[in-house]
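From a predicted model like this one, the values you see are computed outputs, not experimental measurements.
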Amino acid sequence: MKFPVVFTGHGSPMLAIENNNMTEEMAEIGRHILEKYGKPKGILSISAHWYRNKTYIQSAEAPEQIYDMYGFPEELYQLKYPVKGNKELTDRVSDILGSSVSVNDEWGIDHGTWAVLVHMFPEHDIPVVQLSVNGYITPEENYDIGRKLSALREEGYLIFASGNVVHNLMRIKWDSDDGTKQTHMFNDYIVDAVVNGDTKKVINYKEGPYPIYAAPTPEHFLPLIYALGAANGDPVKVFNNVCTQGSIAMTGFIWE
């Protein structure tokens with residue numbers, strides 16, 4: 001059985017302790033995966049918040065939960081999502097990617113991962129291994145890494161990517177529950193490209209409407225490109241197609 005690929009927006013770390021329509025859709029995706037496919041042997045997580053100039057894979061037996069944010073309510077820092085690593089998954093990623101990947105345990109499980117997985121898989125009983133987002137290579141090369149990693153899906157692993165289609169903290173409107181015109185236009189452009197299998201449009205996202213506004217830095221967009229590669233042309237369903245806080249798109253996709 002081939003496991004799906006998931007990309008999700010994560011937005012503010014407060015997502016972890018919220019209960020709303022978006023978190024319920026995330027929970028529904030998790031329930032769907034468990035009911036249809038069973039529990040994955042492990043989750044390979046590609047989070048925007050481990051953005052480096054190389055491709056790294058974790059090997060820790062019990063990866064540290066990273067609270068990579070400041071100034072939030074104490075309740076958020078008390079939230080625990082303890083997971084184990086998975087040596088078999090680490091070794092398989094190393095085998096697949098060869099010399100282009102290195103083992104590195106300087107990081108852990110950051111909020112791009114646990115703030116979503118706490119809703120999708122609240123029992124925290126699935127091992128998690130993070131792969132870094134490589135900002136040194138081209139989007140085409142990020143896509144190719146995803147394509148190579150697609151083989152993991154038939155080996156019992158879930159490929160999970162977390163970022164945001166639109167993410168511009170400089171233009172954030174904290175009191176807004178909708179997105180700006182620029183946010184909606186770029187998000188609609190990308191959603192249409194993903195749904196219609198227009199991979200080149202997603203890879204060449206800088207040719208879309210308002211790309212500098214939508215992705216002034218690439219780290220939150222690139223996880224989508226990894227996921228698209230791992231999906232390998234499978235049918236896609238959109239969830240949480242929501243723009244909020246002016247310049248954030250929470251859009252998610254599941255390919256299966």
- Query: Below 4.5 Å, heavy atoms only, C-beta onward: do M14 and P73 meet side chain to side chain?
  - Reply: yes

- Item | Any donor-acceptor N/O pair, K41 side chain to E155 backbone, under 3.5 Å | yes

- Task: Find the distance between CD (E28) and CZ (F239) and round it off to the nearest 0.5 Å.
- Result: 11.0 Å

- Less than 4.5 Å apart, any side-chain heavy atom of Q65 and any of L79? yes

- Which residues pass the side-chain contact (heavy atoms from CB on, under 4.5 Å) test with N240, sequence neighbours left out? M22, E25, M26

- Task: Determine the interplanar angle of the F186 and F221 rings, folded into 0 to 90°, and report it as parallel if under 30°, tilted if 30 to 60°, perpendicular if over 60°.
- Result: perpendicular

- Give the minimum heavy-atom separation between A215 and Y205, together with the two atoms involved. CB-CE1, 4.0 Å

- Message: Tell me every residue that passes ring-ring contact (aromatic ring centres under 6.0 Å, His included) with H167, counting only those two or more places apart in sequence or in another chain.
- Response: H220

- Query: In Å and rounded to the nearest 0.5 Å, what is the CG to OH distance from N134 to Y56?
  - Reply: 9.0 Å

- Heavy atoms only: give me the nearest G208-P211 pair and the separation to one decimal. O-CD, 3.0 Å

- Query: Can you tell me how far CD1 of I225 sits from CD1 of I203, rounded to the nearest 0.5 angstrom?
  - Reply: 6.0 Å

- Task: Quick one: closest heavy-atom pair of V118 and A16, and the distance?
- Result: CG1-O, 3.8 Å

- Query: Roughly how far apart are I172 CD1 and I248 CD1, rounded to 0.5 Å?
  - Reply: 4.0 Å

- Message: Do L224 and V202 have side chains that approach each other closer than 4.5 Å (heavy atoms only, starting at C-beta)?
- Response: yes

- Message: Connecting only ILVMFWY residues whose side-chain heavy atoms lie within less than 4.5 Å of each other, what is the rest of M185's hydrophobic cluster?
- Response: Y210, Y213

- Message: With rounding to the nearest 0.5 angstrom, report the CG to CD distance, D177 to Q245.
- Response: 9.5 Å

- Task: Take W114 and Y67 through the test ring-ring contact (aromatic ring centres under 6.0 Å, His included) and record every step on the way to the result.
- Result: CA-CA 10 Å; W114 56 261; Y67 297 88; 5.4 Å; yes

- Item | Test item: N168 side-chain N/O and A214 main-chain N/O as donor-acceptor pair under 3.5 Å | no

- Query: Under 3.5 Å, is there a donor-acceptor pair between the side chain of N196 and the main chain of D192?
  - Reply: yes

- Query: With a 4.5 Å heavy-atom cut-off, do K237 and F253 have their side chains touching?
  - Reply: no

- Query: With side chains defined as the heavy atoms from C-beta onward, is the minimum distance between L228 and W255 less than 4.5 Å?
  - Reply: yes

- In the single-linkage hydrophobic clustering (I, L, V, M, F, W, Y; side-chain heavy atoms under 4.5 Å), do V93 and V103 co-cluster? yes

- Message: Under 4.0 Å between a side-chain nitrogen and a carboxylate oxygen: does that hold for R31 and E24?
- Response: yes

- Find out whether I109 and Q58 are in side-chain contact, i.e. whether some heavy atom of one side chain is under 4.5 Å from a heavy atom of the other. yes

- Within-4.5 Å side-chain heavy-atom neighbours: L222 and Y51: yes

- Residue pairs passing the salt bridge (charged side-chain N to carboxylate O under 4.0 Å, His left out) test where at least one lies in residues 198-227, sequence neighbours excluded: none

- From CG (D188) to OG1 (T251), nearest 0.5 Å: 8.5 Å

- Message: Students often mix this up, so state it plainly: with edges at 30° and 60°, are the rings of H32 and Y37 parallel, tilted or perpendicular?
- Response: perpendicular

- Any salt bridge (charged side-chain N to carboxylate O under 4.0 Å, His left out) pairs touching residues 44-60, not counting sequence neighbours? R52-E106

- Query: At their closest point, which heavy atom of C243 faces which heavy atom of T183, and how far apart are they?
  - Reply: SG-CG2, 3.7 Å

- Message: Taking the side chain as everything from C-beta on, heavy atoms only, tell me whether I46 gets closer than 4.5 Å to V133.
- Response: yes

- Note on the structure: Only one of L44, L158, L117 passes side-chain contact (heavy atoms from CB on, under 4.5 Å) with V128, and that residue is L117

- Note on the structure: The single option from I57, I43, L152 that satisfies side-chain contact (heavy atoms from CB on, under 4.5 Å) with L89 is L152

- Closest non-hydrogen atom pair between P223 and A48, with its separation: CG-N, 3.9 Å

- Message: On a heavy-atom basis, which atom in S132 and which in Y226 lie closest, and how many Å separate them?
- Response: O-OH, 3.9 Å

- Message: My understanding is that only residues two or more places apart in sequence, or in another chain, count here; which of them pass side-chain contact (heavy atoms from CB on, under 4.5 Å) with D95?
- Response: R92

